[in-house]
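Below, chain A is the first sequence line, B the second, and so on; all start at residue 1. What you see is a predicted model; the values in this text were computed from it and never measured.
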2 protein chains.
Amino acid sequence: MGLAKTEIFNDQQNKIATYAKVFGHPARVSILQHLFELNSCVCGDLVNEIGLAQPTISQHLKELKLLGLIKGNVEGTSVCYCIDIENWTKMKEVMFQFLDQDITKNTCC
Amino acid sequence: MGLAKTEIFNDQQNKIATYAKVFGHPARVSILQHLFELNSCVCGDLVNEIGLAQPTISQHLKELKLLGLIKGNVEGTSVCYCIDIENWTKMKEVMFQFLDQDITKNTCC
DNA sequence: TTTATTGATTGCAATATTACGATTAATATT
DNA sequence: AATATTAATCGTAATATTGCAATCAATAAA
């Protein structure tokens, strides 16, 4: 019914899925790439560069912030968003462990 | 309106998002972990172990297969699913490049 | 203080996703 | 041939997601 039965999965599986889900939209991928490149960390600049409406970008930023992957610094009327290095590193460990499973065992088909 | 404006993003960004999206559900994470462990590669066994209805598991398997991350071998009335090693490796390269961006530049906030 | 500027929030329409009962298709078994 | 087993497909209900116009809140500039 549109919602995942998270209760039947373990914490690790749910965490992987939650991280992956936030990367599952090209706008959020694009935002994160911009933040890594430091081309534009201000919301308004991201709106101009990406080409989605301001409320839409703001919403995507909110989701990234909610997961802790980015943080926002208010500077006057604008807000500067940046990668949260510590949380990004934690996320990377979780995702790497999942993506980098031993593939050599796989001999059945 | 419920659909992503993929046309305003580049191929790499859309590819990352597409891969991530398929990992964005704990059932698919769980299925992949099972296939890596080779605990159960037959659809019916996955149904028993994961605890979702057969049509639901079948649907998730279909999505994984569509992306090429798994392949299915028919064995009598049952179907044995396995990781597609070649495609999994390709996916890993794309995702690693995205997740492993140089974080040291990040000094603005 | 009045008026920009910037970004968050609200509300809504369109579409996508998740889950499963019922059914169907294909192969095995009897 | 008739029946059982297995997995795919169809149809549908419930919920989530995406995108944006309109509005609001907060600060800056005049």
Side-chain angles (χ1 to χ4, degrees), chain A residues 1-9 13-14 17-31 34-35 40-67 70-82 109, chain B residues 1-9 13-14 17-31 34-35 40-67 70-82 109:
Chain A
M1 301 107 172
L3 83 171
K5 284 193 160 181
T6 52
E7 70 277 7
I8 68 171
F9 302 102
Q13 290 163 338
N14 284 315
T18 304
Y19 281 137
K21 204 172 184 180
V22 90
F23 299 136
H25 193 292
R28 292 189 289 265
V29 169
S30 177
I31 288 172
H34 273 291
L35 296 188
S40 43
C41 70
V42 175
C43 177
D45 294 342
L46 290 167
V47 171
N48 291 330
E49 291 207 34
I50 292 176
L52 288 170
Q54 180 267 320
T56 307
I57 296 291
S58 187
Q59 197 173 269
H60 286 306
L61 286 167
K62 190 180 172 184
E63 284 177 69
L64 290 167
K65 201 173 165 190
L66 203 72
L67 251 185
I70 65 172
K71 50 189 173 183
N73 269 39
V74 178
E75 292 179 0
T77 54
S78 39
V79 179
C80 173
Y81 284 99
C82 306
C109 327
Chain B
M1 301 109 171
L3 83 170
K5 284 191 158 182
T6 52
E7 70 278 6
I8 68 171
F9 302 102
Q13 290 162 339
N14 283 316
T18 304
Y19 281 137
K21 204 172 184 178
V22 92
F23 299 136
H25 193 291
R28 291 188 291 266
V29 170
S30 177
I31 287 172
H34 273 290
L35 296 188
S40 43
C41 69
V42 175
C43 178
D45 294 342
L46 290 167
V47 171
N48 290 330
E49 291 207 35
I50 293 176
L52 287 171
Q54 180 267 322
T56 308
I57 296 291
S58 188
Q59 198 175 268
H60 285 305
L61 286 167
K62 190 182 174 185
E63 284 177 68
L64 290 167
K65 201 173 166 189
L66 203 73
L67 250 185
I70 65 171
K71 50 189 173 182
N73 270 39
V74 178
E75 292 179 0
T77 55
S78 39
V79 179
C80 172
Y81 284 99
C82 305
C109 326

| Considering every strand shown, what is the Watson-Crick or G-U wobble mate of dG11(D) when both distances are under 3.5 Å? | dC20(C)

| task | Assign the ring pair H25(A) / H60(A) to parallel, tilted or perpendicular, where the plane angle (0 to 90°) is split at 30° and 60°. | result | tilted

In whole angstroms, how far is the [atom2] atom of [N] from the [atom1] atom of [X]?
X	N	atom1	atom2	result
N73(A)	dA8(C)	CG	P	13 Å
D45(B)	dT5(D)	CG	P	15 Å
L66(B)	dT17(C)	CG	P	11 Å
K65(A)	dG7(C)	NZ	P	12 Å
L46(A)	dG19(D)	CG	P	15 Å
L64(A)	dA8(C)	CG	P	12 Å
H60(B)	dC20(C)	NE2	C1'	11 Å
L52(A)	dG7(C)	CG	C1'	16 Å

| task | Find out whether F23(A) and L67(A) are in side-chain contact, i.e. whether some heavy atom of one side chain is under 4.5 Å from a heavy atom of the other. | result | no

| said: Side chains of L61(B) and L46(B), heavy atoms from C-beta outward: is any pair under 4.5 Å? | reply: yes

| request: Between dG7(C), dA19(C), dA28(C), spot the one nearest the side chain of T56(B), thanks. | output: dA19(C)

With a 4.0 Å cut-off on heavy atoms, is [X] in touch with a base, just the backbone sugar-phosphate, or nothing at all?
X	result
S78(A)	sugar-phosphate
I57(A)	nothing
V42(B)	sugar-phosphate

| task | Taking all non-hydrogen atoms of both residues into account, name the closest pair between T6(B) and N14(B) and its distance. | result | O-ND2, 3.0 Å

Please tell me if [X] has a side-chain N or O lying less than 4.0 Å from either OP1 or OP2 of [N].
X	N	answer
K5(A)	dC20(C)	yes
S58(A)	dA8(C)	yes
K21(A)	dT17(D)	yes
H25(B)	dA19(C)	yes

| If you take atom types as modelled and just measure distance, does the side chain of Q54(A) reach the base of dA8(C) with a donor-acceptor pair under 3.5 Å? | yes

| said: Quick check: on DNA chain D, is the nucleotide nearest K62(B) upstream (toward 5') of the one nearest V74(A), or the reverse? Name the residue that is more 5'. | reply: K62(B)

| task | Please name the residue in the list D45(B), L35(B), V47(B), I50(B) that meets the side chain to side chain contact (heavy atoms under 4.5 Å, CB included) test with S40(B). | result | D45(B)

| query | Does L61(A) or P55(B) map to a spot on DNA chain C nearer the 5' end, using the closest nucleotide for each? | reply | L61(A)

| query | Taking the nucleotide of DNA chain C with the closest heavy atom to each, which residue, L3(A) or T77(A), is nearer the 5' end? | reply | T77(A)

